[in-house]
Amino acid sequence: MATLTDAKRLVVKIGSALLVDRATGALRDDWLRALALDVQWLKGQGTQVVLVSSGSIALGRGVLGLPATDLPLEQSQAAAAVGQIRLARAYEDVMALHGITTAQVLMTLEDSRDRRRYLNSRATLETLLALDALPIVNENDTVATDEIRFGDNDRLAAQIAATIGADQLVLLSDVDGFYSANPSDDPSAIRYNVIDEITAKIEAQAGDAGSGLSKGGMKTKLMAAKTATAAGCAMAICHGFDPRPLQRLHNGAPATWFSATLDPQTARKRWIAAMKPRGTLTLDAGATLALENGNSLLPAGITAVAGDFKRGDPVAIADPSGHVLGLGLARYTAEETRTIQGHHSARIETLLGYPGRAALVHRDDMAL
Ligand code: GLU
């Protein structure tokens, strides 16, 4: 079973019901202050932390005098616009007390569906983590329309965990785990400690209960678990309402852990390896050797470009004799690649007329 302090990279999802008092619509300051202690504790252990926080709609609706019922889309978007700015400020203030720099990241579903945008958000999150900032992610509710919304931050959090190759995801929730039936109407319901495989039986046991302020019921949590575990990330559902929920989880508070069988790196490599290439890059001997030694692919080592691909598309990578070494996600289009092939990365901006990334295929985006 996973333990929290094993995580190198941890995503924590915070539900609206934890942050915002249901009756008054006010921020639960004490809870947030205690959460900051949890984050400080984990960062102090060397864990990289990303928060995915709901609460913008719940906070904004009170300010705007909107009811605590399901709002029409345009009203919830207006509430999110008002609430998100407050939410961000609250996090910034409370984390600053511990010298933690916060970063606001607003995402839409398209950012994970479109591979170019996916690579972009991945690069930004990686950079924030490398700079020791605390990314605080929410859905960009103000612009996302109904058809293209995640709609619930459980799935958004799982997508983020998969995007950055997190090894653990914790959903802080108003329930303490996954039950065999809905415990509020079935006294015989039992909570699972560990779920190694999401079977049809488990799926059938996920009712559809959601609490008043958040959208995610057990079904969406199970969908999140599938996304996370397929990406090599273990996922926990635990109760988050009381102060220091992460330390509680670490100390053995009730929870359900969904196990991951692969590690994130292997899962990502398999995901890339299963793609259909849109083109082929042929390398010189030097670049072939550099790749075998675990380096990224730079434009300088490319001797030929075949096919037509966009940024983020999978391409085959071949050695000088044409033997395919593996697959990778290209950070430039085929046309751009033809312009910069054989050139030093420092010349990219001059050749293209705009700056770009030094590597054509980053080593993390390669399956050899
Ligand atoms: N993005 C929404 C908010 O911040 C929450 C979605 C959810 O409840 O999961 O209010």
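Position 1 is the first residue of the sequence, and the numbers go up from there. In listed order, ligands and their atoms are each counted from 1.
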Is it the case that ligand 1 has an N or O less than 3.5 angstrom from some N or O of [X]?
X: S53; answer: no
X: N138; answer: yes
X: A58; answer: no
X: D152; answer: no
X: K13; answer: no

Looking only at non-hydrogen atoms, the one of S56, G83, G60 nearest atom 3 (C) of ligand 1 is S56
[X]-[Y] side chain donor-acceptor pair, cut-off 3.5 Å:
X: D284; Y: T303; answer: no
X: R357; Y: N120; answer: yes
X: S54; Y: N153; answer: yes

Next item on the list: State whether the side chain of N293 and the backbone N or O of N295 hold a donor-acceptor pair below 3.5 Å, judged by distance alone.
Entry: no
In short, side chain to side chain donor-acceptor pair (under 3.5 Å) pairs touching residues 226-242 with sequence neighbours left out are E203-K226
Ring pair (Phe, Tyr, Trp, His ring centres under 6.0 Å) against Y118, all qualifying residues, sequence neighbours excluded:
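Only W271 meet the ring pair (Phe, Tyr, Trp, His ring centres under 6.0 Å) criterion with Y118.
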Point to revise | Atom indices of ligand 1, in the order listed, that fall short of 4.0 Å to a heavy atom of I57 | key: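 Listed by number with element: 3 (C), 10 (O).
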Notebook entry, point to check: Atom OG1 of T220 and atom CG of L171: how far apart are they, to the nearest 0.5 Å?
Noted result: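 The distance works out to 8.0 Å.
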Note: D141, heavy atoms under 4.0 Å from ligand 1, region reported as side chain
Query raised in the report: Has A80 got any heavy atom lying under 4.0 angstrom from an atom of ligand 1?
Result: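 In this structure, A80 fails to qualify as a contact of ligand 1 - no heavy atom is under 4.0 Å.
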